[in-house]
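Below: one structure, written as structure tokens.
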Amino acid sequence: MNLAVLPGDGIGPEITRAALLVLEHLTRALSLDLTIEVHEIGLAALQRTGTTLPVAVLDACRRADGVILGPVSTASYPPREQGGVNASAALRIELDLFANIRPSRTREGLQHWSRTPMDLVIVRENTEGFYADRNMYSGSGELMPTPDLALSIRRISAAASTRIARAAFELAGARRRHVTAVHKVNVLSVTEGLFLREVRAVARAHPDITYDEQLVDSMAALLVREASRFDVIVTTNMFGDILSDEAAELSGSLGLAASINFGERHCMAQAQHGSAPDIQGQNRANPTSLILSSAMLLDWLGRRHRQENFSAARRLVEQAVDAVLGDPAKRTADLGGTQSTTAFASELCREIDARASR
Ligand code: NAD
């Protein structure tokens, strides 16, 4: 299996190095058939090639079995005409990665901000919604008829709503069998109404799975108050993006927030957080998010290609992360610890090796 790895900007290269070290140890410990190619993107690629996402890298991602994408400093990119291409958006669109799966759970011994322990997954639609670059055949979903008037257009389609709902119910079937659709139908009755119509149709086809609905604003409060009541949350693009950062922070830190984006043929691991320019180059970023995301990618590949050792790799990483984070002396700064990015990654690899040899 071949992975294309794109380190990205800011803390991207630091946390990607940590994820690659973990992959190296997993490959040895579990005899994974895995080869890795690292490709330059982002501000470094812009300087060298004139674009943050060279066409050759996009092609390499299309050919690869899976992609690992580090965070990208999109807020610092020049306009698209000057080479600033958001790799995260471009890959989601080009590879049709419609489902963004974002789990958040509390861990034994690790402080969390949610009032209850939690173990939930946000299933976020990735290809439309309030994202200006995803909505139009031609042109942008944002426009400015006059200098003092700006509009944005949000697309919601039956097809995209159905396929994200199916992904959520399939996932819930392997978990606690509960799906909550998050929406804002009280003020966006047409678009949110269409989204709910499709999710309800999928819910009717899964009578064995409990289904309920929640308005997005009260959902933000309920996550703080009683996150334990949720299992799988399915929602549109922007709501999913915002709620998943909230859920991750409630579970302990944004630095723990793993995610994959998948479609019919491709899967991309990606940290939920951004490129954290405020701590870039200081060797203090928490690499857990990208490491857990990479482990989710291995599991996706394992299920797709029926290679059990790839799924075993995810379980091993989850157990090793739990064990290392359980010790306050081994945590990174975002979790109140003193460990550097590299020291944390080495500790995790030691734990993986020890567990694999038992
Ligand atoms: P951010 O997620 O980068 O940072 C928010 C806060 O969380 C910062 O204080 C940061 O130091 C901290 N943080 C984030 N990840 C961390 C980690 N792994 N370990 C420790 N602390 C961590 O959000 P932002 O500051 O709003 O955005 C910075 C840049 O990232 C912008 O250019 C933005 O466009 C981009 N961004 C990219 C992605 C992506 O690549 N998918 C997602 C969100 C934001």
Side-chain angles (χ1 to χ4, degrees), residues 5-19 22 41-46 52-53 57 61 67-80 84-93 95 97 100-102 104 110-111 113 122 124 126 130-134 237-238 240-261 268-294 296-297 321 324-325 330-345 348:
V5 177
L6 286 40
D9 302 306
I11 59 169
E14 300 163 53
I15 61 173
T16 303
R17 264 193 300 279
V22 168
I41 60 157
L43 293 167
L46 180 70
T52 54
L53 182 60
V57 177
C61 292
V67 177
I68 297 177
L69 174 64
V72 281
S73 289
T74 43
S76 313
Y77 284 7
R80 198 179 178 93
V85 180
N86 178 349
S88 169
L91 285 162
R92 288 175 187 179
I93 295 165
L95 305 183
L97 306 173
N100 186 198
I101 309 297
R102 295 185 151 190
S104 278
L110 185 65
Q111 188 177 15
W113 312 109
I122 293 179
R124 163 196 177 200
N126 238 355
F130 256 135
Y131 280 67
D133 57 359
R134 254 151 271 193
N237 200 342
M238 183 77 84
D241 197 12
I242 296 167
L243 289 177
S244 55
D245 267 30
E246 183 191 352
E249 189 66 21
L250 285 170
S251 78
S253 166
L254 193 50
L256 301 174
S259 88
I260 51 167
N261 307 266
M268 175 169 82
Q270 197 179 10
Q272 277 186 43
H273 56 73
S275 60
D278 53 335
I279 56 167
Q280 161 183 4
Q282 297 172 28
N283 195 22
R284 60 187 290 238
N286 185 348
T288 304
S289 169
L290 195 61
I291 290 169
L292 289 174
S293 305
S294 305
M296 287 176 75
L297 169 62
V321 165
V324 173
L325 291 181
K330 295 177 179 165
R331 296 175 190 159
T332 45
D334 58 312
L335 297 170
T338 54
Q339 286 288 47
S340 65
T341 310
T342 43
F344 177 85
L348 195 56

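Just so you know, ligand 1 is whichever comes first in the structure, and atom 1 is the first atom listed for that ligand.
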Where is the nearest protein heavy atom to [atom]: which residue, which atom, and how far?
atom                    : value
atom 41 (N) of ligand 1 : Gln270 NE2, 3.4 Å
atom 1 (P) of ligand 1  : Gly274 N, 3.5 Å
atom 9 (O) of ligand 1  : Asp278 OD2, 3.0 Å
atom 35 (C) of ligand 1 : Val72 O, 3.2 Å
atom 34 (O) of ligand 1 : Thr74 OG1, 2.6 Å
atom 28 (C) of ligand 1 : Pro277 CD, 3.5 Å
atom 31 (C) of ligand 1 : Ala75 CB, 3.7 Å

Checking Thr74 against Asn86: is there a side-chain donor and acceptor pair closer than 3.5 Å?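 No - no donor-acceptor pair under 3.5 Å links their side chains.
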Give a yes-or-no answer on whether the side chains of Gln111 and Arg331 include a donor-acceptor pair shorter than 3.5 Å. no
Out of [options], whose heavy atom sits nearest [atom]?
atom                    : options                        : value
atom 17 (C) of ligand 1 : Thr341, Thr288, Asn286, Asp241 : Asn286
atom 30 (O) of ligand 1 : Ala333, Ser275, Ala276, Ser76  : Ser275
atom 22 (C) of ligand 1 : Ile15, Leu254, Ile279          : Ile279

Answer side chain, backbone, both or neither: which part of Thr332 comes under 4.0 Å from ligand 1, heavy atoms only.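 No part of Thr332 comes within reach of ligand 1.
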Gap separating the OH atom of Tyr77 from the CG atom of Leu46, nearest 0.5 angstrom: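 These two atoms lie 8.0 Å from each other.
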Non-hydrogen atoms of Ser73 versus ligand 1: any pair closer than 4.0 Å? yes
Return yes when Ile11 approaches ligand 1 closer than 4.0 angstrom through a heavy atom, no otherwise.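 Contact present.
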Ignoring hydrogens, what is the shortest heavy-atom contact between Ile11 and Pro71? Give both atom names and the distance. CG1-CG, 4.4 Å
